Amino acid sequence: MFLPHSQDFDLKQTFGCGQCFRWNAEGDGYACVVGNCVIKARGIDGGIEIDCPDEDFVTAYFDLKRNYSRIKNAIKKDAVIQKALIGAGGIRLLKQDPWETLVSFIISANNNIPRIKKIIEALCCAFGKKIVSDGRVYYTFPEPGALAILDPSALYPARCGFRDKYIIDAARKVASGQIDLQSIRCMDADEGRSVLKQIAGVGDKVADCILLFAYQKFEVFPKDVWIKRIVGELYGVGDKGIDAFVREKFGVYGGFAQQYLFHYARG
DNA sequence: GTACAGGTTCCGT
DNA sequence: ACGGAACCTGTA
């Protein structure tokens with residue numbers, strides 16, 4: 001699938017902005033296991049080439065139907081956002097699998113990106129399904145049922161630390177049906193957040209990341225330390241004032257603004 | 001050896 | 001309700 005060059009889609013920005021953890025540089029592009037297959041993406045002359053047999057899936061996953069230029073214009077209200085957009089304007093918000101996103105952001109707690117990626121790969125390698133593509137070996141993300149039967153100590157080789165019991169708690173609640181991840185799709189953000197927070201290790205920040213990156217609740221604005229820092233420094237708004245500030249400033253597009261500002265905050 | 005990292009939970013006021 | 005320490009591990 002070929003996508004002509006657009007200022008609204010940059011692979012490096014999209015994969016590097018912290019919303020996803022399984023895209024890796026490979027050859028002259030990137031590769032990732034999404035669901036049960038390997039997707040590859042690379043920049044080529046005049047655009048982006050995406051290698052995946054299911055075009056409908058690619059369209060949904062990369063959110064290709066949405067007009068990002070229009071969104072960026074709507075939130076481009078001051079010099080701060082304008083500067084952020086210079087280096088981050090090619091970010092797209094990926095529509096990711098809720099279960100994988102849930103576990104990934106439980107792991108993100110008090111952690112850094114390289115180690116988050118390492119832990120997720122270890123879990124996939126140990127408990128996912130092996131697939132081979134172009135002679136390379138990959139692993140799918142483990143199903144809830146595959147983790148639900150385990151004791152937290154079984155995750156020790158993945159070096160999750162104190163998060164191991166949270167991952168198992170999530171797996172058991174999802175595998176048993178106690179938590180229905182699908183049902184969150186049709187809830188508003190506040191309802192969805194309260195359901196997700198029933199899982200140990202899921203607080204406001206982790207829940208908001210899942211709502212934004214898996215359920216496309218674009219008004220949600222996850223507040224991590226970087227965002228708190230940059231909103232404080234550049235807008236002079238304290239932690240407790242962020243929600244009101246964001247609602248007033250970015251309205252229903254808070255999540256997009258969060259990604260642009262976050263990318264900017266990390267240089 | 002010590003501090004700290006994209007957060008949550010627990011235990012004090 | 002609210003603020004601070006602890007949590008597992010890897011890295012500086």
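Chain naming here is simple, since letters A, B, ... match the order of the sequence lines and numbering starts at 1 in each. Keep in mind that this is a model prediction, so the values were computed, not measured.
- With sequence neighbours left out, D243(A) forms a salt bridge (charged side-chain N to carboxylate O under 4.0 Å, His left out) with K223(A).
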query: For DNA chain B, what dot-bracket results from Watson-Crick or G-U pairs at under 3.5 Å, with [ ] for crossers and | for inter-strand partners?
result: .||||.|||||||

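- Checked against side chain to side chain donor-acceptor pair (under 3.5 Å), D45(A) has no partners two or more places apart in sequence or in another chain.
- Sorted by residue number, the list of members of residues 149-157 of chain A with any non-hydrogen atom under 4.0 Å from DNA chain B is empty.
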Could you run down the sub-3.5 Å N/O contacts of the protein with nucleotides 9-13 of chain B?
residue	atom	partner	partner atom	Å
dT9(B)	OP1	G201(A)	N	3.0

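- For F62(A), the ring-ring contact (aromatic ring centres under 6.0 Å, His included) partners are F9(A), not counting sequence neighbours.
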Interface polar pairs with nucleotides 1-4 of chain B, N/O, under 3.5 angstrom:
none

Protein-nucleotides 1-4 of chain C N/O pairs under 3.5 Å:
none

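- Of the residues K72(A), R66(A), R70(A), the one that meets the salt bridge (charged side-chain N to carboxylate O under 4.0 Å, His left out) test with D8(A) is K72(A).
- By the salt bridge (charged side-chain N to carboxylate O under 4.0 Å, His left out) test, R247(A) pairs with no residue at all, sequence neighbours left out.
- Under the side chain to side chain donor-acceptor pair (under 3.5 Å) criterion, Y215(A) pairs with no residue at all, not counting sequence neighbours.
- Looking at residues two or more places apart in sequence or on another chain, you find a ring-ring contact (aromatic ring centres under 6.0 Å, His included) between F105(A) and F21(A), F213(A).
- Looking at residues two or more places apart in sequence or on another chain, you find a salt bridge (charged side-chain N to carboxylate O under 4.0 Å, His left out) between K173(A) and D169(A).
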